There are 2 protein chains.
Amino acid sequence: MSGQTELTHTKRQRSVRKQGGSLSKSIYEEIRERICLLRYPPGDVLREAELAEEFGVSRTPIRQVFQKLEIDGLVETRNGVGTIVTGFDFVQMKDVYELRLKLAELIAQLSPKPCSDFHRSGMEQLLNRAAQLKGSRDTGEFWRINHERQKIIASLIGNTALRDMYDQFYYQTGRVWFQMVDVMWDDQVEALCAELRDLIRAMELGDTQAVAYVERNHLSFYMGLIGRFISGELPKADSSGSNWFVDARE
Amino acid sequence: MSGQTELTHTKRQRSVRKQGGSLSKSIYEEIRERICLLRYPPGDVLREAELAEEFGVSRTPIRQVFQKLEIDGLVETRNGVGTIVTGFDFVQMKDVYELRLKLAELIAQLSPKPCSDFHRSGMEQLLNRAAQLKGSRDTGEFWRINHERQKIIASLIGNTALRDMYDQFYYQTGRVWFQMVDVMWDDQVEALCAELRDLIRAMELGDTQAVAYVERNHLSFYMGLIGRFISGELPKADSSGSNWFVDARE
DNA sequence: TTGGCAATAGCTGTATACACAATGCCAAAA
DNA sequence: TTTTGGCATTGTGTATACAGCTATTGCCAA
């Protein structure tokens, strides 16, 4: 009908676009990672227009991403203000850890998949990478290693509903975990290596049940750590001293 | 810059708007209910513009709702086609039921809340309503009663993460449950009454653990039913004979 | 009569325009 | 100097315009 064709778009920077899965799934993952790695700390205000420009899209896809993140419990959108990164509530996180513990026990009970050499060799590679973290303090690499560990474990879960939930909670607790990593680096590197070693040992036996219990026990370890954070026994923040820990949700 | 102000909006029918919670949350719940009650059967194509007009809003809020429903696994949006109600996969539903069974066992393990007379009397009212279903075949009422039962049970769950998940899965399996109700009405009414009676008895004792096990056992009952559906022992569809059960995903 | 292709209608995906809400600043009055 | 009220700025919420994709249908040729 109308003849206006040479408007503005179709020549923007297509930085992240269409590389990953369906659409702006990659944007979602990118922003989620920024939140989990505390690059967007709790209380930070994200503006739709700002991120829209950065990723070279309009506000619409960014809003979609925000909505998903809100369902994940990572942000909270308030009219007229912005989209705010939620503070993490150590008490609620303890709830989640408590549940994750129980879910880990279920991995091997609900039609587990057999673990193969493929899984074991994957873990061995991760162990190699993890061993190099001792001096470097490369938090991004730490995150990525843990990520892939999670992916391998998830692939052993036969029950699809359980697997989805297991992933969901992993991202929900990601920030708390990362916080602990940041405060006590050396201990955490050691803990990760120990976890990987235990997993490899269990996988050598081809015993998914054993893998599940290793996960359970390491989750238990982190849960204990959270308890010590709550009681004030451990320092809570490392930079800027602001307390992100009082949850702002009403 | 331009001065077009008297376009069209600001005088539309505001049917559902702003009555419920935040925004178009009520639209979400309405459409979800239509899907769960099979008014939008699997394979049905929902069009954004259509529903937008019905609810008197633009496509934007409807798209938000669809996105949420997609996360719930109830619909699937395909470019250029529409938003399609997913077929339910009995096998996957069995996975979900298997997990729900285990979760029910956890209710009383993870900081359960004490159950009070308030809970018991609520259940008694539901039992009264349920008893009247025997002759009437009022599926909507059945749905509502079950809904409130779920709400009361959820309020006994102390662990917030568990509670959220328990609700999530309830809606995911809602359609399968409803399907079974539709095929064997009288048995299902009887089963609901029995469940409510058991719950009341457990609540009279103030024993949340007992409540949890009642739930577990009734879930187990439904899971067995699904098994019989899968094996073909029970008829799968009641109307139009179309098989909704071959999942159309990908 | 049938198979293939092309035009088309109708839908979602994206961008943008506009309305409303919240917050901070500044000025005026006590 | 302090307090308060109004206004400007800036953000999200919603509506709409436009672009791209899909399925269908009708036409033409074999």
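Both backbone and side-chain heavy atoms feed into the values below; hydrogens, waters and symmetry mates do not. Only a predicted model underlies this, so the values are computations on that prediction, with no experimental measurement involved. Residue numbering restarts at 1 for every chain, and letters A, B, ... go by the order of the sequence lines.
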Novice: Roughly, in whole Å, what's the span from CG in B:L51 to C1' in C:dG10?
Specialist: 16 Å

Novice: Rounded to the nearest angstrom, tell me the gap between atom CD1 in A:I62 and atom P in D:dG11.
Specialist: 15 Å

Novice: Of all residues at least two apart in sequence or in a different chain, which pass the side-chain hydrogen bond (donor to acceptor under 3.5 Å, both in side chains) check with A:S136?
Specialist: none

Novice: What nucleotide, of D:dT12, C:dA15, D:dT16, holds the atom closest to the side chain of A:E48?
Specialist: D:dT12

Novice: Can you measure B:N79 atom CG to D:dA19 atom P for me and round it to whole angstrom units?
Specialist: 16 Å

Novice: What's the CZ-P distance between A:F55 and C:dT14, to the nearest Å?
Specialist: 14 Å

Novice: Specify the separation, in whole Å, of atom CD1 of A:I84 and atom P of C:dT23.
Specialist: 9 Å

Novice: From C-beta outward on B:S58, which listed nucleotide comes closest to its side chain: D:dT14, C:dA15, C:dT12?
Specialist: D:dT14

Novice: Can you confirm whether B:L51 sits close enough to B:V65 that some side-chain heavy atom of one is under 4.5 Å from a side-chain heavy atom of the other?
Specialist: no

Novice: If every non-hydrogen atom of B:R149 is compared with every non-hydrogen atom of B:Y170, which pair is closest and at what distance?
Specialist: NH2-CE1, 4.2 Å

Novice: Specify the separation, in whole Å, of atom CZ of B:R47 and atom P of D:dC21.
Specialist: 21 Å

Novice: Which whole-number value in Å describes the distance from A:L46 CG to D:dT10 P?
Specialist: 18 Å

Novice: Which nucleotide, D:dA17, D:dA23, C:dA15, lies nearest any side-chain atom of B:R59?
Specialist: D:dA17

Novice: With B:L37, which residues qualify under side-chain contact (heavy atoms from CB on, under 4.5 Å), at least two apart?
Specialist: B:E33, B:W143, B:F178

Novice: Would you kindly give the CZ-to-P distance between B:R78 and D:dT22, to the nearest whole Å?
Specialist: 10 Å

Novice: Report yes if a side-chain nitrogen or oxygen of A:T60 is closer than 4.0 Å to either non-bridging phosphate oxygen (OP1 or OP2) of C:dT14; otherwise report no.
Specialist: no

